[in-house]
Amino acid sequence: MKKLKIYNSFSRELSDFSSIDPKNEYVGMYVCGPTVYNEVHLGNCRTFVSFDIVYRYLLHKAYKVRYVRNITDVGHLEGDADSGAESKIDQRARLERLEPMEIVQKYSNLFHHVMQQLNTLPPSIEPTATGHIVEQIEMVKQIIANGYGYEKNGSVYFNTRKLIEENKGYGTLSGKLVDDLLNESRDNLKNQDEKEHPSDFAIWVKASPTHIMRWPSPWGEGFPGWHLECSAMSTKYLGQTFDIHGGGMDLQFPHHENEIAQNLGACGCQPVRYWMHGNMLVLNGKKMSKSDGNYIMPRELFAGSSPLMTKAYSPMTLRFFMLQAHYRSTLNITEEAMQGAEIGLQRLMEANAVLQELQYSGEANNTDLDAKINSIIDAAFGEMDNDFNTPNALAELFGLVSEIQKFHNKQQSLNLISEATLNRLKDSFKALIFDVFGLMDETAANDSSAEMLDGLMQMIIEFRKEAREQKNWAKSDLIRDELLKLGIQIKDGKEGASWTKL
Ligand code: AMP
Ligand code: ZN
């Protein structure tokens with residue numbers, strides 16, 4: 001039942017998955033979350049949807065999953081520490097004239113809203129970096145005590161050379177050669193001369209006088225280095241070694257390579273059994289990225305306001321579009337692809353509606369069609385077992401859609417399959433599209449919200465009628481004007497008032 005293969009980016013091979021739990025029941029999964037100093041773009045969303053599918057499929061396979069996805073609310077360095085550089089969150093706070101924590105709250109709320117629109121399941125724990133400063137300081141102390149860290153002028157650096165010389169596999173995850181690593185500098189600190197070697201990286205950074213987010217530490221006031229929070233929080237909630245660690249491909253180096261280094265330095269063990277990396281969403285032939293100005297925001301796509309699209313596409317259309325590529329392949333977003341996804345999603349939902357209404361009418365067993373339908377269902381789940389191959393699983397589902405249509409058009413008789421197979425078809429189809437793929441039937445959602453709007457409008461019209469009967473014209477006009485601002489027009493006629501959406 002639990003056979004599942006996962007491509008491990010550390011060993012670079014597809015391997016059978018089994019959890020650390022001796023009974024193979026519990027799974028610990030950590031996914032790097034967003035840095036909340038601005039809105040997430042569709043590229044970020046792709047990575048979170050990819051790991052939502054992994055989470056959902058593990059749950060479907062009856063694993064008990066502790067899914068930890070952090071919120072990075074301590075800004076990474078934008079410039080250099082020495083010249084009073086600001087973190088991204090500090091910078092944004094000054095720009096928007098808000099407290100850094102207001103920035104963090106604002107963009108965390110927006111992130112959660114988008115995740116909800118995309119129907120991603122919330123993680124079991126969503127720890128924040130600022131909520132785990134104590135744990136991070138403890139980890140720095142441990143790294144120093146073990147000889148892998150050194151302090152210089154209030155900052156603490158990780159000694160990569162020691163790890164390399166001890167042959168502890170620094171560079172294995174990212175596939176970097178030791179020589180390249182030794183010559184590479186990978187943070188923006190101006191004080192490179194504080195480091196004993198260019199490849200060393202900061203695990204604690206001395207705060208410049210203007211730096212807003214700062215905490216006291218044994219090394220003076222400062223803030224944790226870029227990679228430390230994920231090491232500290234994954235260890236705290238999942239243990240020193242846990243099952244799955246995910247994130248976008250662009251985090252392999254330096255972020256994940258340095259996470260491994262920190263864990264090795266602090267605990268002496270490899271933190272992760274299966275490293276998983278999602279590939280990039282591409283726009284105009286380049287990785288989608290905010291800093292390059294090459295991006296689409298989810299709200300633009302959903303409202304139809306993106307200059308790159310001629311109309312709006314719904315959250316589920318976006319989700320379906322993402323399912324059409326394997327998480328390890330790049331995915332290119334175009335209007336044509338979104339149109340195709342819209343049609344595909346509609347076909348899938350229509351087929352499901354038809355299927356759930358089919359009534360069993362025969363007694364057949366062991367027919368070719370019966371075997372065929374069962375084997376397509378097996379194949380669909382088999383594709384998911386093969387490193388979460390959503391495009392192939394979708395292709396199998398569309399094989400079932402053709403069979404469902406033939407039943408519906410009476411091109412083939414339901415007599416040809418057994419009742420057990422029809423029930424399995426109904427259950428598996430629903431399980432795949434709703435539970436595993438996380439799609440929702442948006443027409444159903446729209447129907448119920450239209451009903452609710454209608455009910456609310458009747459109520460408002462009634463209140464306005466009462467105001468008019470009491471000759472309270474000011475109130476009656478206020479209701480009319482406020483509704484107009486919301487895009488709803490009230491018209492008074494002989495039969496009473498009616499309303500229309502503008
Ligand atoms: P950040 O907030 O920049 O740390 O990014 C959050 C997540 O989005 C990380 O896992 C990144 O790897 C991922 N990410 C960033 N850009 C893209 C992209 N164009 N396509 C897919 N994932 C991305
Ligand atoms: Zn991380």
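Nothing fancy with the numbering, it's 1 onward along the sequence.
- When ring centroids are compared, F388 and H326 stay outside the 6.0 Å threshold.
- In this model, a donor atom of one side chain and an acceptor atom of the other lie less than 3.5 Å apart for E335 and T310.
- Using the six-membered ring where Trp is involved, H227 and F201 have ring planes that are perpendicular, over 60° apart on the 30 and 60° scheme.
- By the 4.0 Å N-to-carboxylate-O rule, D52 lies too far from R69 to be salt-bridged with it.
- Nearest heavy-atom pair across Y295 and M288 is CA-CG, 3.6 Å.
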Go through the steps to decide whether D387 and R328 satisfy the test salt bridge (charged side-chain N to carboxylate O under 4.0 Å, His left out), and finish with yes or no.
-> CA-CA 9 Å; D387 197 27; R328 282 193 287 117; 2.9 Å; yes

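- Counted by atom type alone, S289 and N294 present zero donor-acceptor pairs between their side chains at under 3.5 Å.
- Residues N70 and T128 bring no donor and acceptor atom of their side chains to less than 3.5 Å of each other.
- Aromatic ring pairs are classed by plane angle as parallel below 30°, tilted from 30° to 60° and perpendicular above 60°; the pair F17 and Y274 is tilted.
- Below 30°, between 30° and 60°, or above 60°: for Y55 and Y67 the angle between ring planes is between 30° and 60°, a tilted geometry.
- A heavy-atom distance below 4.5 Å is found between the side chains of V27 and S19.
- You'll find the side chain of V205 stays beyond 4.5 Å of the side chain of W226, heavy atoms only.
- Side chains of N38 and R92: a donor-acceptor N/O pair is absent below 3.5 angstrom, by distance only.
- If you check the side chains of E396 and N392, you find no donor sitting under 3.5 Å from an acceptor.
- A tilted orientation is assigned to the rings of H256 and H277, their planes being inclined by 30° to 60°.
- Taking a cutoff of 4.0 Å between a charged side-chain nitrogen and a carboxylate oxygen, D427 and R424 do not qualify as a salt bridge.
- Under the 4.0 Å criterion applied to side-chain N and carboxylate O atoms, E403 and K372 are assigned as salt-bridge partners.
- T390 is not listed as a side-chain neighbour of Q324, based on a closest heavy-atom distance of 4.5 Å or more.
- Under a 3.5 Å cut-off, the side chain of T330 and the backbone N or O of M280 do not form any donor-acceptor pair.
- For F463, the CZ atom counts as loosely surrounded, since its 6.0 Å shell holds 12 or fewer non-hydrogen atoms of other residues, nucleotides or ligands.
- Of the charged side-chain nitrogens involved, at least one lies within less than 4.0 Å of a carboxylate oxygen, so that D250 and K287 count as a salt-bridged pair.
- Contact annotation: the side chain of E462 never approaches that of M457 to less than 4.5 Å [non-hydrogen atoms, C-beta and beyond].
- Counting only distance, with no hydrogens or angles, the side chain of E300 and the backbone of M297 share a donor-acceptor pair below 3.5 Å.
- Side-chain atoms of I133 and P224, non-hydrogen and from C-beta on, do get closer than 4.5 Å to each other.
- When the shell of 6.0 Å around NZ of K475 is examined, it contains 12 or fewer heavy atoms from other residues, nucleotides or ligands.
- Around the NE2 atom of H255, the shell of radius 6.0 Å holds more than 12 heavy atoms that belong to other residues, nucleotides or ligands.
- Under the 3.5 Å distance criterion, the side-chain polar atoms of S329 are left unmatched by any main-chain donor or acceptor of A325.
- Test F10, Y30, F242 against V272 for side chain to side chain contact (heavy atoms under 4.5 Å, CB included) and you get one pass: F242.
- You'll find the ring centres of Y313 and F302 outside the 6.0 Å limit.
- Side-chain contact annotation: N389 with Y327, donor-acceptor N/O pair under 3.5 Å absent.
- Of the possible donor and acceptor atoms, none in the side chain of K311 sits under 3.5 Å from a partner among the backbone N and O of A303.
- The backbone N or O of G28 sits less than 3.5 Å from a side-chain atom of D243, completing a donor-acceptor pair.
- With respect to the salt-bridge test (charged N to carboxylate O, under 4.0 angstrom), the residues K64 and D21 do not qualify.
- Counting heavy atoms from C-beta on, the side chains of L422 and L414 come closer than 4.5 Å.
- At a cut-off of 3.5 Å, with distance as the only test, no side-chain donor of S50 or T47 sits close to an acceptor on the other residue.
- With contacts defined as side-chain heavy-atom distances shorter than 4.5 Å, the pair V36/T72 does not qualify.
- Counted by atom type alone, Q346 and E350 present one or more donor-acceptor pairs between their side chains at under 3.5 Å.
- Between the side chains of S231 and N263, at least one donor-acceptor pair of N or O atoms lies under 3.5 Å.
- For the pair Q405 and V354, the minimum side-chain heavy-atom distance is 4.5 Å or more.
- If you check the side chains of E126 and H112, you find a donor sitting under 3.5 Å from an acceptor.
- No hydrogens or angles considered: a donor-acceptor pair under 3.5 Å links the side chains of S174 and E257.
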When you look at I417 and I373, which way does the side-chain contact (heavy atoms from CB on, under 4.5 Å) test go after all the steps?
-> CA-CA 9 Å; I417 61 171; I373 287 181; 4.0 Å; yes

